[in-house]
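Worksheet: one structure, shown below.
None of these values were measured; they are calculated from a predicted model. Heavy-atom basis, side chains included; hydrogens, waters and symmetry copies ignored.
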Amino acid sequence: MSNFKNNLKSMYPELMRIAYRLVEKKNDEVDAPDLVQNALLRALEKQNLFKGGNQTGWVITIMKNIYYDEYRKNKIEFIDHFNTVIFFV
């Protein structure tokens, strides 16, 4: 198994802690284990884009971006469902 994959395995507990913190704050639609799994899969798919440095920070950024994209998508669906324009500040 490659060093990149071994590092992903070792960061799993930290990713789970962060994922649970994200999910508890804003959105029940996103499940923490699914969020971590999606982030790890995306990191594996995009490992050629990793330029070195802090691999954990890179994967955490991927995970946060996935979460925020899902959160924004759910907000937009909520707005469209009620045909109401709501401005979020």
Side-chain angles (χ1 to χ4, degrees):
M1 190 176 292
S2 74
N3 194 32
F4 189 88
K5 289 180 184 179
N6 284 334
N7 290 343
L8 290 179
K9 283 178 69 174
S10 68
M11 68 179 74
Y12 184 81
E14 183 178 359
L15 294 175
M16 286 300 294
R17 281 192 300 275
I18 294 168
Y20 277 114
R21 300 265 326 230
L22 283 171
V23 170
E24 78 181 6
K25 286 182 182 178
K26 294 187 178 171
N27 191 355
D28 295 331
E29 299 296 318
V30 179
D31 188 34
D34 289 342
L35 183 59
V36 171
Q37 181 180 2
N38 289 339
L40 291 173
L41 285 172
R42 189 164 303 169
L44 279 172
E45 291 170 356
K46 305 291 183 177
Q47 66 181 304
N48 62 320
L49 300 176
F50 180 64
K51 304 291 186 207
N54 185 351
Q55 185 178 354
T56 303
W58 185 68
V59 177
I60 289 170
T61 299
I62 291 171
M63 185 172 66
K64 286 182 178 180
N65 287 339
I66 291 169
Y67 174 76
Y68 292 130
D69 287 347
E70 188 66 27
Y71 183 69
R72 282 190 294 265
K73 184 178 91 175
N74 288 338
K75 274 183 148 179
I76 292 168
E77 288 174 2
F78 173 80
I79 293 169
D80 290 342
H81 178 72
F82 292 103
N83 294 322
T84 306
V85 177
I86 300 173
F87 296 98
F88 294 96
V89 179

- How many angstroms lie between CD in E70 and CG in L35, if you round to the nearest 0.5 Å? 9.0 Å

Tabulate below the donor-acceptor pairs under 3.5 Å that side-chain atoms of residues 50-66 make, not counting sequence neighbours, or state none.
residue	atom	partner	partner atom	Å
N54	OD1	T56	N	3.2
N54	OD1	G57	N	3.0
Q55	OE1	N7	ND2	2.8
Q55	NE2	F4	O	3.2
T61	OG1	G57	O	2.9
N65	ND2	T61	O	3.3

- Message: Test of understanding: clusters of I, L, V, M, F, W, Y form through side-chain heavy atoms closer than 4.5 Å, transitively. Do Y68 and L15 belong to the same one?
- Response: yes

- Nearest-0.5 Å distance that lies between atom CZ in R17 and atom CE in M11: 12.5 Å

- Item | Shortest non-hydrogen separation from V23 to A32 and the atoms involved | CG2-N, 3.8 Å

- With sequence neighbours left out, write down each residue that passes side chain to side chain donor-acceptor pair (under 3.5 Å) with D34, or none if nothing qualifies. none

- Message: Test of understanding: clusters of I, L, V, M, F, W, Y form through side-chain heavy atoms closer than 4.5 Å, transitively. Do Y20 and Y12 belong to the same one?
- Response: yes

